[in-house]
Amino acid sequence: MHNENMQEIKNKEQKIIGRVIKYILKYPAIFFAGFVSLCLASVAVLLAPKLIGTAIDLIFNSEGTLELSWNINNPITIASFALIALALARGGILFAQSYLSEKLSQIIAYDLRNELFNHLQHMHFAYHDQIKIGDIMSRATQDIESIRFFISMAIMRGSYILFLGITSILLMLGTSIQLALIAFIFMPIVATQAAIVQKFLRKIWIQIQQLQGKTSIVLQENFAGQQLVKGYNQQHNQQQKFEKEITALYESSLQSSKIVAFNEPILSGIWLIALTCIFYFGAKLILTDQLTVGELVEFQLYLTLLQVPIRAIGFIINHVARVRSAGGRLFEILDARNMITDSKSAKNMANAKGKITFENVNFQYNSHQKNSNLLKDISFTINPGEKIGIIGRTGSGKTTLLHLLPRFYDACSGNIFIDDNNIKNIKIKSLRNIFGIVQQDVFLFPGTIQDNISYGAPDQPLEKIKNAAHLAQIDTFIDALPDKYDTWVGENGVSLSGGQRQRISIARTLLNNPPVLILDDVTSSVDLKTELAIEKTLESVLQNKTSITVTHRTRVMKNLDQIIYLEDGNIQGIGKHQALYENNKDYRDLCQSFDKKQTRNEVK
């Protein structure tokens, strides 16, 4: 069983590298140009030993007749100018090769980031409920950078090193088979060393990538909850939590560096031993006239060039180990399947009237748990233009029910209809345009007030934005600001009060003029004065619109056409507020508890 699991992991890792190579093959022109440049660079590098060896033999064979003059016909002069020209050509070719390698890796990193962002934008809500923001950030930055370095250094630079190594070996064989066979004795030792290092580095880099994700999560959670951290004086505990993660990251990174640092001198030592052996046996071949001095120097230079691929083995192994762990984490997200998509028969829906029907709807967040439905056999109908309230205790399923309408989640069973059309037969984009949602927890993007109001309709002219702000009763406040609608609100509207943020959220919803408004307890976090102002705003904008309101305010309930009373995911009553209050004891007790809480808040 263990061997089967190891083989499965190995196959998965090989597929990861294969998938990265597929991205490279999307840009054949850049890859081919880079490959040609690295071949030319290898040729330029390998010509130098041949020229040097030839020049040395000319000197030794001249028996004192060769003069060191700058005569154009002098072989030494010709060889010197040839080496200078070769160096200049090599520099230009290496620049082209490095530039093309970097360009290819940057383009693929760009594609991966876009693909990741687009994929996450279209994933269903349940997926975002499970994954952590810090972990996503780590995969979008560090993991993609690891893949980029793998393409630039291991694939492109590695191809150059491989080509240089193979060509060096062939030229060594062409220069002296005896010395080449001596040099080859050391290659299995290097290969074994490389395999051992790769085995250790792969495990460590998987651990490092996971720890980087955990560190990002702790950072994100800490900065997002700074008010809570400081409010409860938890700075020290948060520091300890962060230090625990970065200590583990430090130790794993240090362990990886130790292995790399240990590997480098071993490879250098092997090369120096090989160089010594070649020098000794080469001298013996010279004394027996089986080799010239120039050929020995040429061979030594080829062996020196061969050390570049040998020494780079550890470097490439490091990048291969990193890309296997980083690619696995990245492709895990890209391979995740979106569970809420348009069906083949889905169509756009225009001019919705606002009739809503729930028909035996059941829902649970974890579909693997039996008998754990959060909503159970929900059935009701809302007619166009009706003002409906959904009332219930905390955890009764109110917000969950609202999330089923725009298909943030899909019901486990049963059907939901808009104007007698099953919502699964309506294209998701068209369906969500039907609803305007004002949530309890308002989110504002860093930007201007105008940007936030027009977020859902960025092409709307300023006059319509001002009209939406007027309907939301926030226009007077905005006009009093020095920059008016160009006022910068900061991250999540930090410079605004809760009521101001809420009214900007209402204006944002009203700008789209949706036929159905969903109001999820929009006044729960504001003071009484702001609450009354918002209620007055909503009273005027809800004319001729279907609306669904979650509220704990009995004065709001009295003005609604119908109340749906939820308890533990079941509908316990439907009707007017007064009728439910008189005939349903649980509903009456709930309203009385709301009134007591509201009275205490108003007194405060």
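We number each residue from 1, following the sequence as shown.
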Would you name the heavy atoms of [X] and [Y] that are closest together and state the gap between them?
{"X": "Cys412", "Y": "Gln364", "result": "SG-N, 3.4 Å"}
{"X": "Arg329", "Y": "Asp143", "result": "NE-OD2, 2.7 Å"}
{"X": "Ser176", "Y": "Leu285", "result": "OG-CD1, 4.0 Å"}
{"X": "Ser252", "Y": "Ile204", "result": "O-CG2, 3.5 Å"}
{"X": "Leu173", "Y": "Ala180", "result": "CD2-CB, 3.6 Å"}
{"X": "Arg113", "Y": "Ala140", "result": "NE-O, 3.5 Å"}

Report, as yes or no, whether the 6.0 Å neighbourhood of atom [atom1] on [X] holds more than 12 heavy atoms from other residues, nucleotides or ligands.
{"X": "Ile177", "atom1": "CD1", "value": "no"}
{"X": "Tyr23", "atom1": "OH", "value": "yes"}
{"X": "Phe279", "atom1": "CZ", "value": "no"}
{"X": "Met137", "atom1": "CE", "value": "no"}

In Å, rounded to the nearest 0.5 Å, how long is the span from [atom1] of [X] to [atom2] of [Y]?
{"X": "Met339", "Y": "Thr341", "atom1": "CE", "atom2": "OG1", "result": "8.5 Å"}
{"X": "Ile52", "Y": "Lys50", "atom1": "CD1", "atom2": "NZ", "result": "12.5 Å"}
{"X": "Phe299", "Y": "Phe281", "atom1": "CZ", "atom2": "CZ", "result": "12.0 Å"}
{"X": "Leu120", "Y": "Ile136", "atom1": "CG", "atom2": "CD1", "result": "5.0 Å"}

Considering only heavy atoms from C-beta outward, does the side chain of [X] approach that of [Y] to under 4.5 Å?
{"X": "Ile151", "Y": "Ile24", "result": "yes"}
{"X": "Glu295", "Y": "Ile286", "result": "no"}
{"X": "Arg508", "Y": "Leu444", "result": "yes"}
{"X": "Leu179", "Y": "Leu303", "result": "no"}
{"X": "Tyr302", "Y": "Ile278", "result": "no"}
{"X": "Leu254", "Y": "Lys258", "result": "yes"}
{"X": "Leu275", "Y": "Gln300", "result": "yes"}
{"X": "Pro446", "Y": "Trp488", "result": "yes"}

Taking [X] for the side chain and [Y] for the main chain, is one N or O donor matched with an acceptor at less than 3.5 Å?
{"X": "Thr399", "Y": "Asp520", "value": "no"}
{"X": "His122", "Y": "Asn338", "value": "no"}
{"X": "Thr175", "Y": "Leu171", "value": "yes"}
{"X": "Asn452", "Y": "Phe445", "value": "yes"}

(Q) Suppose the criterion is salt bridge (Lys or Arg N to Asp or Glu O under 4.0 Å): which pairs have a residue in residues 179-190, not counting sequence neighbours? (A) none

**Q.** All pairs passing salt bridge (Lys or Arg N to Asp or Glu O under 4.0 Å) where residues 331-340 contributes a residue, at least two apart
**A.** Arg19-Asp335, Arg139-Glu332

Q: Using the side-chain contact (heavy atoms from CB on, under 4.5 Å) rule, take Leu375 and Leu404 through it: C-alpha gap first, then chi angles, then the decisive distance, then the call.
A: CA-CA 11 Å; Leu375 296 175; Leu404 298 181; 3.7 Å; yes

Show me the donor-acceptor pairs, under 3.5 Å and distance only, between side chains in residues 94-108 and residues at least two apart or in other chains.
residue : atom : partner : partner atom : Å
Gln97   : NE2  : Ser101  : OG           : 3.3
Ser98   : OG   : Leu94   : O            : 3.0
Ser101  : OG   : Gln97   : O            : 2.8
Glu102  : OE1  : Ser152  : OG           : 3.3
Glu102  : OE2  : Gln106  : NE2          : 3.1
Glu102  : OE2  : Arg148  : NH1          : 2.4
Ser105  : OG   : Ser101  : O            : 3.4
Ser105  : OG   : Glu102  : O            : 2.9

Q | Test salt bridge (Lys or Arg N to Asp or Glu O under 4.0 Å) applied to Asp410 - qualifying residues, sequence neighbours left out | A | Arg407

Q. Sequence neighbours excluded, which residues qualify as ring pair (Phe, Tyr, Trp, His ring centres under 6.0 Å) partners of Phe408?
A. Phe125, His403

Q: List for me each residue that meets ring pair (Phe, Tyr, Trp, His ring centres under 6.0 Å) alongside Phe363, sequence neighbours excluded, and say none if there are none.
A: Tyr365, Tyr409

